[in-house]
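Protein chains get the first letters and strands the later ones, always in sequence-line order, with residue 1 at the start of each.
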Amino acid sequence: MIRVAVGAGAIDVAAEMAAHHAGGHGASASFVGRVRGDGGLTELFLEHHPVLTPGGLEQLAAEAAARWKLAALTLIHRVGSMAPGETIVLVLASSAHRAEALAAVEFLIDRLKTDVMLWKREAFADGRVGWVEQRDGDHARAERWEQSAD
Amino acid sequence: MIRVAVGAGAIDVAAEMAAHHAGGHGASASFVGRVRGDGGLTELFLEHHPVLTPGGLEQLAAEAAARWKLAALTLIHRVGSMAPGETIVLVLASSAHRAEALAAVEFLIDRLKTDVMLWKREAFADGRVGWVEQRDGDHARAERWEQSAD
Amino acid sequence: MALTLSYFAWVRERMGIADETVTPPAGVATIGDLIGWLAERDEPGTWAFSEPAQIRAAIDGRMAGAGALLPARGEIALFPPVTGG
Amino acid sequence: MALTLSYFAWVRERMGIADETVTPPAGVATIGDLIGWLAERDEPGTWAFSEPAQIRAAIDGRMAGAGALLPARGEIALFPPVTGG
């Protein structure tokens with residue numbers, strides 16, 4: 001059971017968790033990413049491609065499902081304008097045993113940073129506005145999944 | 001903010017998540033472990049030590065908090081008699097960045113299996129009852145944390 | 001050759017438009033040629049495309065390198081490296 | 001020497017009791033000695049403690065190896081390897 005969604009509306013984490021957890025699977029892992037107000041950030045704008053962004057998320061979800069035995073997978077990404085504290089991304093994975101669920105969540109959040117068509121623009125209280133540059137660390141983490149069998 | 005609890009009552013996953021997530025931290029990771037009904041299992045009984053079990057959980061939580069920069073940590077373990085689908089353990093960790101929260105959750109669930117005074121007894125539909133034996137795989141996973149710096 | 005070009009993030013901002021339809025001159029055969037042509041075509045193009053190493057491209061929804069051949073028609077997306085998640 | 005012994009999981013089941021207070025004979029100085037004495041004391045003890053490699057121990061809440069010295073008084077927990085989580 002794979003659920004993938006991209007949208008500008010707020011992510012209802014509790015409702016998504018409840019729906020995903022209703023399966024009562026042996027092991028469920030999750031990751032919630034939120035906007036940080038570091039350095040006086042007032043707005044995060046996430047630009048997306050109407051076709052490539054959902055397509056990329058669906059491809060990542062399919063890749064995780066092929067790689068690990070998952071009972072359920074939820075991958076939800078918000079786009080558009082967000083304030084500090086709001087949820088950007090939610091990843092939920094369930095499996096019979098813990099190793100699969102934990103690995104799938106980590107894989108998905110690492111690869112999301114480098115493989116999906118999303119661009120972050122930050123606005124700060126002092127008026128600065130700028131596009132975020134790609135971080136080397138994100139690539140190093142994402143590439144771990146190329147080298148290892150799991 | 002560290003919360004550790006051990007008890008025989010059902011774990012309210014949604015309420016714990018809501019309380020933990022209220023911090024609005026940049027990254028929150030979680031793990032939920034539930035009783036599996038494999039092989040016709042009808043009851044899981046988890047025996048604990050009234051002093052050593054909570055003490056061991058508190059020590060593990062403190063170890064995780066010393067190892068990673070965590071904004072919040074929740075570690076709740078159920079003991080006593082449970083039915084398939086019920087939650088045995090809940091681990092929540094939040095940090096500014098994803099790597100810390102994900103690593104802390106994985107560390108805690110791995111080490112729980114080998115370091116905390118808990119013993120599982122399984123009862124099956126066909127009348128068999130037996131204590132679970134320690135698995136080599138659990139030790140291998142827990143020992144990974146001895147070798148690596150993170 | 002009639003291509004729809006779509007721009008994203010700071011490429012879109014520098015170009016001042018989100019998309020346009022173009023017919024590149026003869027000799028523009030690859031993604032790399034297209035980027036080079038746009039960089040010389042006008043001021044917004046120079047601002048957006050003068051550092052080709054910073055530009056990624058997709059042809060009809062599939063990632064394409066600088067050497068990829070342009071199709072006779074289709075959508076070419078041009079954008080900076082992604083920073084999502 | 002008056003020690004409170006507490007038993008857990010199948011050690012408790014085999015002993016038939018959860019705890020007891022004992023005064024071991026002279027010469028029982030370590031955790032290993034205590035396990036050996038219990039294994040010879042009675043039938044439940046033989047059933048529970050005849051494989052010392054399967055037994056873990058804690059003295060007053062701290063894990064202790066077979067060579068650890070017994071205190072003059074305190075709580076000794078005896079149990080199989082843990083299987084929690």
Side-chain angles (χ1 to χ4, degrees), chain A residues 11-38 41 44 71-72 82-110 112-113 135 137-138 140-142 144, chain B residues 11-39 41 44 71-72 82-110 112-113 135 137-138 140-141 144:
Chain A
I11 298 175
D12 188 340
V13 174
E16 295 291 347
M17 290 249 184
H20 183 98
H21 286 182
H25 309 294
S28 297
S30 82
F31 181 82
V32 181
R34 298 186 192 84
V35 180
R36 292 193 309 279
D38 296 0
L41 181 136
L44 180 74
M82 286 161 261
E86 292 193 300
T87 299
I88 312 173
V89 61
L90 173 65
V91 182
L92 305 173
S94 289
S95 53
H97 301 276
R98 73 186 188 285
E100 289 84 351
L102 289 164
V105 165
E106 202 170 350
F107 166 85
L108 287 167
I109 192 68
D110 281 350
L112 268 174
K113 300 269 174 183
R135 301 191 321 159
D138 287 337
R141 279 187 70 94
R144 294 181 308 160
Chain B
I11 299 174
D12 188 341
V13 174
E16 295 291 346
M17 290 250 185
H20 184 99
H21 286 182
H25 309 293
S28 298
S30 81
F31 180 81
V32 181
R34 299 186 191 82
V35 180
R36 292 193 309 278
D38 297 359
L41 181 135
L44 181 74
M82 287 161 260
E86 292 192 299
T87 299
I88 312 172
V89 61
L90 172 66
V91 183
L92 305 173
S94 288
S95 53
H97 302 277
R98 74 187 188 282
E100 288 85 351
L102 289 164
V105 165
E106 200 169 351
F107 165 84
L108 287 167
I109 192 68
D110 281 351
L112 268 175
K113 300 270 175 182
R135 302 190 322 160
D138 286 337
R141 279 188 70 95
R144 294 182 308 161

- [ ] Could you look at A:Val13 and say if it's the side chain, the backbone, both or neither that has a heavy atom under 4.5 Å from chain B?
- [x] side chain
- [ ] Against chain A, label B:Val89 side chain, backbone, both or neither, depending on which of its atoms sit under 4.5 Å from a heavy atom there.
- [x] neither
Task: Portion of B:Ala18 that has a non-hydrogen atom of chain A nearer than 4.5 angstrom - done: neither
Open item on the list: Taking every non-hydrogen pair under 4.5 Å, which of A:Gly26, A:Ala14, A:Ser30 racks up the most with chain B?
Closed with: A:Ser30
- [ ] Sort out for me which of A:Ala29, A:Ala101, A:Gly33 touches chain B most, counting heavy-atom pairs under 4.5 Å.
- [x] A:Ala29
Open item on the list: Among A:Ser28, A:Ala99, A:Ala27, A:Pro84, which residue has the highest count of heavy-atom pairs closer than 4.5 Å to chain B?
Closed with: A:Ser28
- [ ] Would you check if B:Arg98 and A:Asp110 make a side-chain contact, meaning some heavy-atom pair closer than 4.5 Å?
- [x] yes
TODO: Could you grab the distance from atom CZ of B:Arg36 to atom NE2 of A:His97, nearest 0.5 Å is fine?
DONE: 4.0 Å
TODO: Could you pull out the closest heavy-atom pair between A:His25 and B:Arg34, with the gap in Å?
DONE: O-NH1, 2.7 Å
Task: Atom group of A:Leu102 that falls short of 4.5 Å from chain B, counting heavy atoms - done: side chain
Task: Heavy-atom pairs under 4.5 Å with chain A, option from B:Met17, B:Lys113, B:Glu86 with the top count - done: B:Lys113
